[in-house]
Each structure stands twice: as structure tokens, then as C-alpha cells.
Number of protein chains: 2
Amino acid sequence: MDALPPATTTRLSRDVIVDAYLRIADTEGTDDITLRRLGAELGVDPTAVYRHFRDKDEILAVASDRVLAEAAAELEPTGSWRQDLRALHLAVRRAYLSHPKAMLALQMHPASMPNAERLTDRVLGLLRQACLSDADAAVAYEAMENYTVGTTLFDAGATEESLEGWRRVYRSARADVLPHLVAAAPLLYRDPDAAFEYGLDLMLDGLERGAQRSEEERREEDR
Amino acid sequence: MDALPPATTTRLSRDVIVDAYLRIADTEGTDDITLRRLGAELGVDPTAVYRHFRDKDEILAVASDRVLAEAAAELEPTGSWRQDLRALHLAVRRAYLSHPKAMLALQMHPASMPNAERLTDRVLGLLRQACLSDADAAVAYEAMENYTVGTTLFDAGATEESLEGWRRVYRSARADVLPHLVAAAPLLYRDPDAAFEYGLDLMLDGLERGAQRSEEERREEDR
DNA sequence: ACCTGAACACCGTTCAAGT
DNA sequence: ACCTGAACACCGTTCAAGT
């Protein structure tokens with residue numbers, strides 16, 4: 001047998017670095033982490049990570065793929081494409097809410113990320129189940145993904161103060177020229193999750209309507 | 001008559017600064033502009049703008065409001081809430097595509113921006129026209145706004161290379177485990193505008209379905 | 001083969017000094 | 001009252017040097 005390297009010596013590796021990044025994000029409540037902070041957590045020079053990753057974005061992208069694995073693990077197919085699409089996008093939203101910066105890096109830098117790809121494959125499969133053509137499924141995937149990612153990145157950046165700030169600004173607008181705005185002010189930004197689900201259901205309604213039409217056309221042809 | 005200051009002496013002002021910012025953005029094709037670049041354009045020390053704005057974000061927010069004014073000017077109400085909502089969000093998307101960084105600043109820092117408020121008021125009015133309750137109109141506004149802003153900010157950051165990068169990554173996935181992904185690869189990200197419109201129409205379909213239901217319920221009560 | 005550490009090229013922003 | 005300019009406190013990243 002060859003002599004193994006001492007097990008206690010935790011040497012740097014991609015996994016160790018990503019672990020540290022996620023650990024800081026979880027304990028510190030933000031995933032906007034500098035390489036200097038990451039180096040301190042690892043007890044290593046801030047620039048040491050460049051031996052294992054091309055740049056900072058690559059660290060974030062790999063971290064986000066691991067977060068998506070946890071999101072995917074919660075999901076159990078029900079057989080209803082509508083329910084499954086809904087649950088999947090809610091899970092993705094939760095992942096993005098906890099690690100927005102990491103997700104943004106993944107989105108912007110194309111790379112083979114196994115868990116992200118598995119989720120994308122599932123969405124495309126569910127859209128096909130909803131009677132969409134291949135071309136429509138691709139476009140619908142883009143629309144739903146952009147909706148989920150975009151909305152959630154904003155919600156992750158918002159604070160209770162900033163939301164209250166908008167309500168205050170709108171409330172003090174001139175009611176004679178902007179009546180709808182002033183009336184809606186107290187109702188706005190009360191529950192970002194509810195707003196997200198409302199929009200998601202709107203899109204699912206639209207898809208269902210399309211699916212029903214396809215169904216009708218098929219019966220039309222049959223008789 | 002009082003003596004006027006010499007008209008040729010273009011002194012710094014909020015308008016002059018915002019003008020310069022938009023001029024650089026338009027000629028340079030990006031609105032990610034440093035204060036040093038802005039100072040050079042104005043022929044002034046980079047820090048001089050702090051006499052007129054609290055910070056950089058305030059400059060961007062004011063600039064974005066002016067861009068929204070141009071977007072709003074194109075719009076002519078047709079009487080159909082669906083058509084008007086559609087045209088409005090397409091116009092907002094165009095504004096965000098040309099000045100994404102500025103729009104992000106507006107979104108994140110609550111402030112009274114007249115043109116942004118006018119557009120918000122119009123959206124809320126159109127949603128009420130679609131038979132939505134005040135509470136639903138507020139939530140639907142949030143959903144549509146987040147969809148438009150989020151999607152467009154991503155599209156603004158994407159390049160033909162990054163989109164092609166995603167297609168390549170997906171194409172080279174294992175077809176036996178991710179069949180939908182591999183099949184969809186050549187169809188994806190072909191036309192971001194089309195994907196945006198597809199998702200927007202999906203949401204409008206959902207709203208119309210809700211409007212029809214409200215209509216039916218009213219007739220139900222009548223008899 | 002892997003990590004260190006000084007250094008670089010940028011940022012936005014502050015503040016005392018000028019006029 | 002308004003602008004200057006040096007300086008500060010940060011970034012991500014490079015690269016020659018160490019071991």
C-alpha cells in the first residue's frame with residue numbers, strides 16, 4: 001500500500017473552496033463575498049483560489065449549481081405538468097433568494113452545470129407534456145426562466161425599508177393626476193412571494209389555455 | 001434688466017450632467033460609465049458632480065426617468081387594456097435594453113421619478129380596466145413589472161457569444177439522460193424579443209381569462 | 001505542484017484647499 | 001457658491017518569488 005497523505009491536512013480544492021463560500025453566505029446572510037474574506041475563511045492567501053478556479057465568477061457558478069441540487073432534491077413529480085412546473089419554479093426561486101449573486105454568475109457565464117441542466121431538462125419535458133411544440137417549449141422555457149430569475153434577483157435585493165420607501169413615494173404623489181398610483185400605494189410590495197406566485201399562475205393559466213386549444217383542435221380533426 | 005451670466009459658460013447642473021451621461025451611453029453603446037469618464041466628457045473634475053447629486057446612483061436614476069419619458073411619448077391609448085398593456089411593456093423593455101444600468105439604479109433606490117410614476121399609474125389603471133380588484137391589480141403590477149425588468153436586464157447583459165455558449169453546452173449534454181435539453185438546444189435563445197413577447201402574452205392570456213370569469217360571475221348574479 | 005505576497009489597475013467617494 | 005485634486009478605502013487579478 002502507498003502511504004496516504006496526512007488526512008488532517010485540509011488542502012485546497014474546488015470543493016473545499018465552494019464549501020467555504022457557501023458557509024460564509026449562510027452564516028453571514030449575504031453571498032456578496034470578497035476573495036479576501038474567502039481567503040480568511042480558508043486560512044489561506046486571498047489569491048490562492050486562482051490555482052483552482054479561473055476567476056471569481058467560476059467559484060460562484062459552481063456554488064450555485066450545488067444550491068440547485070438541494071432545490072431539485074425537494075421535488076417529487078406528481079404527474080400534473082402544471083403542478084410540477086409550479087413547484088419547480090418555486091424551488092428555484094428559493095435557491096435564488098438565498099444565493100442571488102452566485103445565481104447571477106451562473107446565468108451570465110455559460111458552463112456545463114449538471115444540476116442546472118437537469119432542471120432545465122425537466123422544465124422542457126413538462127412543457128412538452130403541456131402540448132407545446134418544440135419551438136414553443138424553448139421560448140416558453142426562456143420566458144419562465146427569465147421571469148423567475150429576474151423577479152427573484154430583484155426581490156433578493158429589496159429590503160423592508162426600500163419597499164416602504166416606494167410606498168411612501170407613491171402615497172405622496174398627486175392624487176388628481178395619478179389616482180391609481182396613490183390608491184394602490186398601501187397595497188404594493190406587501191408580499192413579494194405572493195406577487196411572484198400570482199405572475200407564475202398567470203403564465204400557467206396562459207399555458208393551460210393553449211393546451212386546451214390544442215386538445216380541441218385534435219378533437220376537431222378526429223370527427 | 002439685470003446682466004445675464006455669459007451664455008457660453010456652460011456651468012454644471014443636474015440637467016447638464018444627465019445629458020452628458022446619456023450622450024456617452026448612446027455613443028459608446030454601454031451605460032456602464034465611470035465618474036472619471038463622465039468628468040472627462042464634461043471637461044470637469046470627476047468629483048465635481050457630487051455638488052449636484054448625492055451619489056452616482058442618483059445620476060443614473062434621474063437619467064433613467066428621462067429615458068422613460070421618451071418611452072411613454074410613443075404610446076397612444078387604443079381603448080383595449082390588453083393592447084395598451086402590451087405596448088406599454090414593450091416600450092419599457094426598449095428603454096431598459098438601451099440603458100440597463102440606469103434602470104437598475106432607479107429600481108433599487110426609491111425616489112420620486114415623475115415619468116416612472118406616470119407609467120406605473122397607467123399600468124394600474126389598465127389592470128383595473130381588466131376587472132381586477134385593487135389588491136389583485138397591485139400584485140399583478142408587481143408581477144408584470146418584475147417580469148419586464150428582470151427579463152430585459154438579462155437580455156441586455158447577454159451577447160451573441162454567451163447565447164451561443166449556452167446552446168453549445170446544452171447540445172453536448174448526454175442525450176440519454178437529458179433528452180429534452182439536447183433536443184431543445186438548437187432552438188434556444190434564438191430571439192430574446194420573441195421570448196419576452198411570448199411570456200408577456202402568456203400573462204395577458206391569464207389576465208384575460210380572469211376578466212372573462214369576472215364577467216361570467218356578474219351575469220350569474222344578474223339573473 | 002501549490003501557495004505567498006507585493007503590486008497593479010481600477011472603482012466610488014471624502015474633504016480640505018483653492019477661486 | 002462651486003470646482004479642484006490629492007487621498008482613501010476598497011475591489012479582482014497578475015506574476016515573480018518562495019517552498
Side-chain angles (χ1 to χ4, degrees), chain A residues 2-21 24-25 28 30-64 99-102 104-109 111 157, chain B residues 2-21 24-25 28 30-64 99-102 104-109 111 157:
Chain A
D2 291 341
L4 294 168
T8 48
T9 318
T10 326
R11 298 176 56 248
L12 232 44
S13 71
R14 287 169 71 95
D15 270 344
V16 169
I17 292 168
V18 170
D19 279 343
Y21 173 81
I24 302 172
E28 238 143 87
T30 170
D31 77 331
D32 196 358
I33 295 159
T34 66
L35 292 185
R36 283 161 176 85
R37 173 74 186 85
L38 185 60
E41 177 77 14
L42 289 162
V44 118
D45 189 272
T47 67
V49 296
Y50 282 94
R51 288 276 138 196
H52 301 87
F53 291 96
R54 194 173 357 100
D55 54 22
K56 188 184 179 184
D57 275 346
E58 199 188 359
I59 304 177
L60 302 208
V62 172
S64 73
H99 300 87
K101 282 276 195 302
L104 187 61
L106 175 59
Q107 206 75 10
M108 289 310 186
H109 296 268
Chain B
D2 290 343
L4 292 170
T8 48
T9 319
T10 325
R11 295 173 63 245
L12 232 42
S13 70
R14 288 170 69 96
D15 270 345
V16 170
I17 292 168
V18 170
D19 279 342
Y21 172 82
I24 302 171
E28 237 142 271
T30 170
D31 77 331
D32 196 0
I33 294 160
T34 66
L35 292 184
R36 284 163 175 84
R37 174 74 187 85
L38 186 60
E41 177 76 16
L42 289 161
V44 118
D45 189 272
T47 65
V49 297
Y50 283 95
R51 288 276 138 197
H52 300 87
F53 291 97
R54 193 173 358 98
D55 54 23
K56 189 186 177 183
D57 275 346
E58 198 187 357
I59 303 177
L60 301 208
V62 172
S64 72
H99 300 86
K101 281 279 195 299
L104 188 61
L106 174 60
Q107 206 74 8
M108 289 309 187
H109 296 268

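Numbered from 1 within each chain, the chains take letters A, B, ... in sequence-line order. A quick note: this is a predicted structure, and the numbers were derived from the prediction, not measured.
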For [X] and [N], give me the distance from atom [atom1] to atom [atom2], rounded to whole Å.
{"X": "B:Asp55", "N": "C:dT14", "atom1": "CG", "atom2": "P", "result": "8 Å"}
{"X": "B:Arg36", "N": "D:dA6", "atom1": "CZ", "atom2": "C1'", "result": "12 Å"}
{"X": "B:Ile17", "N": "D:dC2", "atom1": "CD1", "atom2": "P", "result": "12 Å"}
{"X": "B:Lys56", "N": "C:dC11", "atom1": "NZ", "atom2": "P", "result": "8 Å"}
{"X": "A:Phe53", "N": "D:dT13", "atom1": "CZ", "atom2": "P", "result": "13 Å"}
{"X": "B:Asp32", "N": "C:dC11", "atom1": "CG", "atom2": "P", "result": "9 Å"}
{"X": "A:Leu35", "N": "D:dT14", "atom1": "CG", "atom2": "P", "result": "11 Å"}
{"X": "A:Arg14", "N": "C:dC2", "atom1": "CZ", "atom2": "C1'", "result": "16 Å"}

Give every pair of a protein N or O atom and an N or O atom of nucleotides 16-19 of chain C that lie under 3.5 Å apart, one pair per line with the distance.
none

Provide the closest heavy-atom pair for [X] versus [Y] in the form atom of the first, atom of the second, distance.
{"X": "B:Phe53", "Y": "B:Val18", "result": "CZ-CG2, 3.9 Å"}
{"X": "A:Ala61", "Y": "A:Ser64", "result": "O-OG, 2.7 Å"}
{"X": "A:Met108", "Y": "B:Gly157", "result": "CE-CA, 4.4 Å"}
{"X": "B:Ala25", "Y": "B:Ile33", "result": "N-CD1, 3.7 Å"}

Taking a pair as Watson-Crick (N1 to N3 plus N6-O4 or O6-N4) or G-U wobble (N1-O2 and O6-N3), both under 3.5 Å, which stems of 3 or more consecutive pairs involve DNA chain C? C:4-8 with D:12-16, C:12-16 with D:4-8

Checking side-chain contact (heavy atoms from CB on, under 4.5 Å) for the pair A:Val62/A:Tyr21: CA distance, chi angles, key distance, verdict? CA-CA 10 Å; A:Val62 172; A:Tyr21 173 81; over 6 Å; no

Please give me every residue in residues 37-48 of chain A whose heavy atoms get under 4.0 Å of an atom in DNA chain D, ordered by residue number. A:Thr47

Look at B:Lys101 together with B:Asp31 and state whether they make a salt bridge at an N to O cut-off of under 4.0 Å. no

Please indicate whether B:Lys56 has more than 12 foreign heavy atoms, meaning atoms of other residues, nucleotides or ligands, lying under 6.0 Å from its NZ. yes

Would you say D:dC3 has OP1 or OP2 under 4.0 Å from some side-chain N or O of B:His52? yes

Quick one: does B:Asp55's side chain have a donor or acceptor within less than 3.5 Å of a partner on B:Glu58's backbone? yes

Partner of A:Thr47 under side-chain contact (heavy atoms from CB on, under 4.5 Å), picked from A:Val49, A:Val44, A:Asp45, is A:Asp45

One pair to check against side-chain contact (heavy atoms from CB on, under 4.5 Å): A:His52 and A:Leu12. What are the steps and the verdict? CA-CA 8 Å; A:His52 301 87; A:Leu12 232 44; 3.6 Å; yes

Begin with the C-alpha distance, continue with both residues' side-chain angles, and end with the deciding distance and a verdict on side chain to side chain donor-acceptor pair (under 3.5 Å) for A:Ser13 and A:Asp15. CA-CA 5 Å; A:Ser13 71; A:Asp15 270 344; 5.6 Å; no

